[in-house]
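Okay, structure first, notes after.
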2 protein chains.
Amino acid sequence: MGRWEPDSRGRLQEAALALFAERGFDQVTAAEIAARAGLTERTFFRHFADKREVLFGGSELLRERILTGVTGAPATDGPLEVVAAGLAAAASMLGEFRRDLSLQRQAVIDANPELRERELAKLADYASEVAAALRRRGVGEPRATLAAEAGMAVLRTSLQRWASSPVERSLSAMVQESLGELRAVALGS
Amino acid sequence: MGRWEPDSRGRLQEAALALFAERGFDQVTAAEIAARAGLTERTFFRHFADKREVLFGGSELLRERILTGVTGAPATDGPLEVVAAGLAAAASMLGEFRRDLSLQRQAVIDANPELRERELAKLADYASEVAAALRRRGVGEPRATLAAEAGMAVLRTSLQRWASSPVERSLSAMVQESLGELRAVALGS
DNA sequence: AGTTTGATGACTGTTACTGACATCAGCGTA
DNA sequence: TACGCTGATGTCAGTAACAGTCATCAAACT
């Protein structure tokens, strides 16, 4: 057995989500999260750049999933199809892995403006990387950026609807539906 | 003459922009901004909810402009045309009023992740209000939200390109061009 | 056995922000 | 004119987010 309990980072994430869900984001201090995980405040900030980041530990993984989906799309696909492939990859990941925790996490985020800001920033980061991938495929600007940003808008709205929907619907289906709506909007209907 | 110099809020905004442009956002304290404006730190936080907000004092005005543009669009317009009317109103406001300050401000924002987060949040707020206006016009969900979000993506990318473009091009023209690109993307090209 | 490494704790400091109370010019009102 | 009210500001004290620095010590390596 090691000198410390293993997976400090994971314990911090669990503790944070539980406390945030209980009392709300700004009614919980970093020191409390750390204490619940059997650690100190200083260690909390070694694992996470700021208090908000503790809720976005999986975002790196999601980023990779999206990028993998995008680069794996057929060479003949148009920009929006390529983006859609990335969205499908993201949706399958978010929708299948611990649905209960995903929903709880989304509820916490939606309840706090600072956390919503951070979520938007993450999505924007994905968008700029997807745009870069599109450019590597030969898509010019500003088309690449717009396709990527529109795609992230689809993901964002689907996430919102998925989290607040009373009935249990698959996230992937919602993404598909929203993509269709986006096309319809652009066509002028 | 009043007890204090007039327009504290404006003086704080001016002082902040100048200092941020000089030294960068996080190398300037709220107390320094206040001192430069002849005020105290406490008064700074009475005028602005947090340090970032001092750069977004005009956002309320912009919000109204966008909403006015949207509600003023012909009843026969489709969702994207309606959104486009709001974007045109926003572009004319940003493009004509103190171009030098707008550019300096945008440069400061683009140089700092926290400020970019805040800007995204503002745009997202506009989007949700535009979506509400569309719903009042009878557009259903998720179509209304997607049209609004796509529109804000157009505004965001245009703003970016406008601020970083070496040649002097009108913001309105860039918004128009980006809208065309968005339509092309959705059509599958 | 000795050395190095990496994760953690302990301590200290800065700064963003907040609550509570005091001040005082200007205004309305008696 | 005198008097009380209001609103913007100053002052002071406090909390919590974060960061720099050094010590510790199990485990891995040589």
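Note that this is a predicted model, so its numbers are computed, not measured. Every chain is numbered from 1, with letters handed out A, B, ... down the list of sequences.
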Tell me whether the guanidinium CZ or amine NZ of A:K51 lies under 6.0 angstrom from the six-membered ring centre of A:F20 and within 45° of its axis. no
Tell me, with the steps shown, if B:L123 and B:L120 meet side chain to side chain contact (heavy atoms under 4.5 Å, CB included). CA-CA 5 Å; B:L123 271 305; B:L120 289 172; 5.7 Å; no
A:R11 CZ - C:dT8 C1' separation (whole Å): 11 Å
Closest nucleotide among D:dA8, C:dT8, C:dC24 to the A:S8 side chain: C:dT8
Atom CZ of B:R118 and atom P of C:dA16: how far apart are they, to the nearest Å? 14 Å
Hey, any chance B:L171 and B:L61 share a hydrophobic cluster, counting ILVMFWY side chains that come within less than 4.5 Å of each other, even indirectly? yes
So, OP1 or OP2 of D:dT11: does either fall under 4.0 Å of a side-chain N or O from B:T40? no
Which residue lies more 5' along DNA chain D, comparing A:R52 with B:E41 via nearest heavy atoms: B:E41
Consider the side chain of B:L39, meaning its heavy atoms from C-beta on, and name the nucleotide among D:dT9, C:dG19, C:dA16 that approaches it most closely. D:dT9
Contact class for B:A49 vs. all strands (heavy atom < 4.0 Å): base, sugar-phosphate, or nothing? sugar-phosphate
Run A:L101 and A:Q104 through side chain to side chain contact (heavy atoms under 4.5 Å, CB included) and show every step you take. CA-CA 5 Å; A:L101 289 187; A:Q104 188 176 38; 3.9 Å; yes
So if I take every side-chain heavy atom of A:F45 and compare against C:dA7, C:dT15, D:dA17, which nucleotide ends up nearest? D:dA17
I want to check one thing: is the phosphate of C:dT8, taken as OP1 and OP2, less than 4.0 Å away from some side-chain N or O of A:H47? yes
Using OP1 and OP2 only, check whether a side-chain N or O of B:T43 sits under 4.0 Å from D:dT9. no
Tell me whether the side-chain N or O atoms of A:R46 pair up with the base of C:dG6 as donor and acceptor below 3.5 Å, since no angle test is needed here. no
